[in-house]
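The structure appears right after this line, and notes come after that.
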Amino acid sequence: MKTLSNEIIADIKKDFVYRKLKNNERVDGRKFDEFRSIEIIPGIIPRAEGSAMVKLGDTEVVVGIKMQPGEPFPDTPDKGVIITNAELVPLASPTFEPGPPDENSIELARVVDRGIRESGAIDLEKLCITEGENVWIIFIDIHALDDDGNLLDASSLAAIAALMNTTIPSEKFGYGDDEILPVRNIPVSVTSLVLDEAILVDPSSDEEKLTPNRVTITSDSDDNLVSMQKSGAFLLSEEKLYELVDLSVEKARGIREMLRDV
Amino acid sequence: MKTLSNEIIADIKKDFVYRKLKNNERVDGRKFDEFRSIEIIPGIIPRAEGSAMVKLGDTEVVVGIKMQPGEPFPDTPDKGVIITNAELVPLASPTFEPGPPDENSIELARVVDRGIRESGAIDLEKLCITEGENVWIIFIDIHALDDDGNLLDASSLAAIAALMNTTIPSEKFGYGDDEILPVRNIPVSVTSLVLDEAILVDPSSDEEKLTPNRVTITSDSDDNLVSMQKSGAFLLSEEKLYELVDLSVEKARGIREMLRDV
Amino acid sequence: MKTLSNEIIADIKKDFVYRKLKNNERVDGRKFDEFRSIEIIPGIIPRAEGSAMVKLGDTEVVVGIKMQPGEPFPDTPDKGVIITNAELVPLASPTFEPGPPDENSIELARVVDRGIRESGAIDLEKLCITEGENVWIIFIDIHALDDDGNLLDASSLAAIAALMNTTIPSEKFGYGDDEILPVRNIPVSVTSLVLDEAILVDPSSDEEKLTPNRVTITSDSDDNLVSMQKSGAFLLSEEKLYELVDLSVEKARGIREMLRDV
Amino acid sequence: MEENQKFIVNGKRIDGRKIDELRPIKIEAGVLKRSDGSCYLEMGNNKIIAAVYGPRALHPRHLQDPNKAVIRYRYNMAPFSVEERKRPGPDRRSVEISKVSREAFEPVVIKELFPRSSIDIFIEVLQADAGTRVAGLNAASVALADAGVPMKGMVTAVAVGKVDDHIVLDLFKDEDNYGQADIPIAMFIRDGKIEGITLLQMDGQITKDELKEAIKLAKKGCLEIYRLQKEALFKRCRGEDFVE
Amino acid sequence: MEENQKFIVNGKRIDGRKIDELRPIKIEAGVLKRSDGSCYLEMGNNKIIAAVYGPRALHPRHLQDPNKAVIRYRYNMAPFSVEERKRPGPDRRSVEISKVSREAFEPVVIKELFPRSSIDIFIEVLQADAGTRVAGLNAASVALADAGVPMKGMVTAVAVGKVDDHIVLDLFKDEDNYGQADIPIAMFIRDGKIEGITLLQMDGQITKDELKEAIKLAKKGCLEIYRLQKEALFKRCRGEDFVE
Amino acid sequence: MEENQKFIVNGKRIDGRKIDELRPIKIEAGVLKRSDGSCYLEMGNNKIIAAVYGPRALHPRHLQDPNKAVIRYRYNMAPFSVEERKRPGPDRRSVEISKVSREAFEPVVIKELFPRSSIDIFIEVLQADAGTRVAGLNAASVALADAGVPMKGMVTAVAVGKVDDHIVLDLFKDEDNYGQADIPIAMFIRDGKIEGITLLQMDGQITKDELKEAIKLAKKGCLEIYRLQKEALFKRCRGEDFVE
């Protein structure tokens, strides 16, 4: 039975993490504005239309892209459809439960989706097959494998990496030759924990145990903000927000370079 | 914490209501066969195809009508379709729970539906667009806002008022000009609580707390009975039934006049 | 209140059944390799396309067959579709709960389905109406009425008996004259309880209470094995498996004769 | 079946019955082994099985009533019981039927004897031919008696309706589908005497006078069915075997 | 509405408003009888009802927090509130909105006073016209005050956005659908002073400078709405009747 | 792939393997941080991750067994793991696989040491290529050992089947789809010795003699896989890093 002792250990650890922060140290030695090591492995699921695994420290996420023809939405008859879904399967964390997506996985999927959608990364008009009848549907499925914190950035990174790696399976459905899915913008999300006066970029699960308060800011290749999400029960000051914006845009630039180099 | 005291207050109130009734008085001063004040506000949701709010004393219900083309049922290929749905959202009463419709909201929706359907209020054959392929589907959505008793009559009243106020959105779907939805009969339901020997028309929530036993009788513009529903765990005598029929038909006439004057 | 005493009685009974077995006796006097009396009543639901009731001792199952045109699977555009579903309705046993199928009813339906499918009992290519567009869908609905043990064999028996009794309702759907559904093979499943060293064919519910460990082997008209399923938490030796195979094939032959004579 | 076809010609209905005649009824008690009480019932082409479990301890506890038994009623149609295959599981119609059927038994079963327990009534419609809810009630009544559940009397039910402007007893499918009104009624009968209405629904178009006529017919029908229910229970007591 | 239509001509928006002008707002507190607090709110063509139940005992027990009240927030759209009928029940969008809205009230409600209890906030959107989540927050705030739930201040919310390269206040439907960015913001206001941002979302494309401009506009808008919230509560205290 | 294509030509299979040859297998233990034990496994083009949590306290309490641990097994396919996108969540197939897989471990795990607790085994199929359930069992076995869950031995599994009238080892996708029989088998292996069959399913058409041949092949295959499982665990003990 590991549970009782686990709880005590968890409390001690939480305390330890907190006291370190008060001394301006992160428990894993990082600077407050430092990401963990990032590894991007594209094409990890060769049989999907596109895929990528991202490791953010010990956090691991796989995103697979499937594409199939289907009906457009009635109000956008000439545009393809993106459907983003996240499964926080219980394999990835002791706190995840089997069952339909809860509010956390829904929020995660929707924030990832907005980054991709609003940056115009995918030109949805290019995904129209027959206007009003048949368009390409892109399924972006986020599959968490190991949640050591900041699943959101790992997921949005894996999503855009997977899209950059996607082939439209035209042949399979009789629409001519397969083509590379064109990606015209690279949105990158940066999530920071907000704890008292501190801002902790790319929080680890140890840090997330201290507080659920965080802000995600996604910016695009031109440093535009394309999506923001305050999450958690706290008051955010205007100054802190602008600080987060500057930090997020700058961090995103670096990550975007990594993506381009993959 | 309001709950404990609330329970005691509830018990005292129940007792009070009951003792009053034994003295042939209703707690709000009404006669046994008297409805509360009725207010019908048509067109409250201008963007719906039809709508009405009904206030029955403090009970408030909104019904919205949406129409869209769809497939007919295989056994009635030349007829439109009516789908009636009730959401007893937890906003409306401390006893309503979020979640899929329970047996009470299903019963409510089905009794309202039967009144409209069996009275022939809507000529379903007029709602056929292409036989066997395409007909108008009328969604009657009942949305309870405040349940101070007798949601059923408030709902059926709001439903027929909303239908009398409905425009077929032909233009939006490319079927020519918009038209008024013809309503050729006005069904009115009358619900009475049956408590010992007493019959209480249009029960308030205070009265409903005494017993769930009630009978709903819906009659049409020609005083025909078009729907009846005994609800609750009690034995109903034949004599009581006929008494209820007479009462319900008479009360319905008055309410029907109100509807015509709206 | 029957429950407490029931539990004690159940324990005593279980003990009794077990001690009998140790003496090489089954509680109902059967030999270890003996089925209970089998009664097959075809056509019990005349309005279904096919049907049969099977009584295996006190176990009772009804299977009804419905057929309707529908879309083929994309990877088998020229083949009909079989959908097998089991409802272990709470009427049939004090241990069944209302609600969506649990793992036991899913396993039951899938094992029955595999027997029929793998034996080639139904020539799915004959059920093609228009390739890629329209094929016959056969719904095999297993409805348990009384679970006195070995629902699986009763269900698979009722399923094949119902199919042997099925008429394709072509006329109803405008595809010419009704025809008999051709059945070209008769799969028969034989389920045995494995308890210590003993093999108990066709276990009763009293016997099933001793252990969930069982093996189902389905063989076809040519004595081929077409489906096997080990179910329960136990180690099966190779020798025991071959013993079960021989026994199952032999028992199946006898039951197949009964089916042919119905 | 055409909508404007005549349903009643020379006082006879399409299926040959008179206006006040029941369809053939077959009732057998005690047909299932696992349940505490059961009944198989045919009413025309309806084929119904009812089973009763209980009184038995009710779990989880928060569902219990400390003062009396909780009655639960589940009306269910087999997927193959109707013309077009029905998806398994409860739909809105069966939820409503289960509710009013449960309520029909509430005032009849002596629940006070069994606090904290449940009495579970399960109805399976194997083949449907109009009037399944009343057939279910009749079967449930016999199954409850077979289970030894103490009741103040029997619940007996029948549908009456209006076709071709006539009030008729016990509608069959075509009359139900194309008729002018359908009125399922359940009566509480004690010692052969009707004591009150315990279930009443109606849809269609009738006048008050027609309703009176309908209820008169229903009472006649219920008393006939009541005799058959008693007979089935009597047979069961005598230990006669269930013969298909 | 065409995508390349001009939204702003001569400093005026399609609906005649100036860039920094709110839609007409109507707020009424205490409109429902059964709930402990309630509010009806119109903001442009949005029609919203909010109700608050509690603090009340929370069941089942395992959901309780022994140290403070649990806030629950349910944002729901009526099926007829939108152009194409919405299927009843929560969808992914309303789950997310409910989450961030609940979080917006967490730091404002004094939960510590009510251990083991819940404060339930229900929002029903009767007609939707962009900005329903912020309209819901405004209504919820008034309903909480009407219910007497102790708060450190008010939550007041508005959406700002970008259309035709202009930052504008309080988008209506067409601006939301075809505009360049949408930023719902909720402020915590105490004694007429903005103390911080309690909800912030954004989608679209803006620069940091535009964000600053947007937040400036949002603050202006929130202070105006705050006045109307106070007014509605003041009327309610004076016992003025609810007039439709 | 055509149905009447030859699967075996000159003793070689389409993918170049011999009849009794396994696909390339890669096993790595301890690949995840959060779980108590884990394993990444490739078997042909199957890509599988297994994680084990526990023994840990089981909630809610009514699920506990006072005498031993409860094993729970969840086999799940990622939506992108198959040709046509799979809807997330359990379908009937994965429910059945989870059941028989759980049962395969029941007699092997020493559950009596951990009353009232659960041992949760999670399998995620990231890419599927026939034989996912046996690949999952192999990965689960390693993950259990990695978690330090006491077992009487290892569970090792392989599918055997019939194609072109030959009994072959370890079917890949085309052989599975168009072959004549598929037999997933799991063996309980202790100290390198096969002690019994712990999972057995079959569909297709085979004779008893073919079954014997199949089981012989399965034993051969399982012993090979067993060696690789041990090796992976050995590497893990030596503390070698996980190298992708």
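Atom set for the values below is all heavy atoms of this structure, side chains included, hydrogens, waters and symmetry mates excluded. Labels below follow one simple rule: chain letters A, B, ... track the order of the sequence lines, proteins then strands, and each chain is numbered from 1. From a predicted model like this one, the values you see are computed outputs, not experimental measurements.
- For the pair Asn85(A)/Pro88(F), a side-chain contact is recorded, criterion being any heavy-atom separation below 4.5 Å from C-beta on.
- Atom CZ of Arg61(F) has 12 or fewer heavy atoms from other residues, nucleotides or ligands within 6.0 Å.
- Residue Glu71(A) places its CD atom among 12 or fewer non-hydrogen atoms of other residues, nucleotides or ligands, all under 6.0 Å distant.
- Of the possible donor and acceptor atoms, one in the side chain of Gln127(F) sits under 3.5 Å from a partner among the backbone N and O of Arg47(A).
- Rounded to the nearest 0.5 angstrom, Ile123(F) CD1 and Leu91(A) CG are separated by 8.0 Å.
- When the shell of 6.0 Å around CG of Asp177(A) is examined, it contains 12 or fewer heavy atoms from other residues, nucleotides or ligands.
- Highest contact tally toward chain F, considering only Glu49(A), Lys66(A), Gln68(A), is held by Lys66(A) [criterion: heavy-atom pairs under 4.5 Å].
- Under a 4.0 Å N-O distance rule, the pair Lys33(F)/Glu60(A) does not qualify as a salt bridge.
- Interface residue Asn45(F): only side-chain heavy atoms are found under 4.5 Å from chain A.
- The two atoms that bring Pro79(F) and Glu87(A) nearest to each other are CD-OE1, 3.9 Å, heavy atoms only.
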**Item:** Pair Asn76(F)-His143(A), side-chain contact (heavy atoms from CB on, under 4.5 Å): steps then yes or no
**Value:** CA-CA 11 Å; Asn76(F) 187 47; His143(A) 216 74; 3.9 Å; yes

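- Leu145(A) places a side-chain heavy atom less than 4.5 Å from the side chain of Leu126(F).
- For chain A, the nearby part of Val82(F) is the backbone; its heavy atoms alone come within less than 4.5 Å.
- For CZ of Phe16(A), the number of neighbouring non-hydrogen atoms (other residues, nucleotides, ligands) closer than 6.0 Å is 12 at most.
- Counted within 6.0 Å of CD on Glu84(F), heavy atoms from surrounding residues, nucleotides or ligands total 12 or fewer; the atom is thus considered open.
- When heavy atoms are compared at a cutoff of 4.5 Å, Ala69(F) does not approach chain A at all.
- For Asp141(A), the parts lying near chain F are the backbone and the side chain together; criterion is any non-hydrogen pair under 4.5 Å.
- Heavy atoms closer than 4.5 Å to chain A are found in the side chain of Lys173(F), but not in its backbone.
- Residues Asp58(A) and Arg34(F) are not paired through a salt bridge, judged by the lack of any N-O separation under 4.0 Å between the basic side chain and the carboxylate.
- A distance of 11.5 Å separates CZ of Phe96(A) from CZ of Phe122(F), quoted to the nearest 0.5 Å.
- Of the listed residues (Ala48(A), Ala92(A), Pro100(A), Pro169(A)), the one with the most heavy-atom contacts under 4.5 Å to chain F is Ala92(A).
- Both the backbone and the side chain of Pro46(A) come within less than 4.5 Å of a heavy atom of chain F.
- With values rounded to the nearest 0.5 angstrom, Ile45(A) atom CD1 is found 8.5 Å from Ser81(F) atom OG.
- Looking only at side-chain heavy atoms (C-beta outward), Glu83(F) and Lys172(A) come within less than 4.5 Å of each other.
- Within the 4.5 Å cutoff, the side chain of Asp146(A) has no heavy atoms near those of the Val31(F) side chain.
- Within the 4.5 Å cutoff, the side chain of Arg85(F) has no heavy atoms near those of the Ile137(A) side chain.
- In the displayed structure, Lys230(F) atom NZ is contacted under 6.0 Å by at most 12 heavy atoms of other residues, nucleotides or ligands.
- In terms of non-hydrogen atom pairs under 4.5 Å with chain F, the most contact-rich of Asp148(A), Thr59(A), Val63(A) is Asp148(A).
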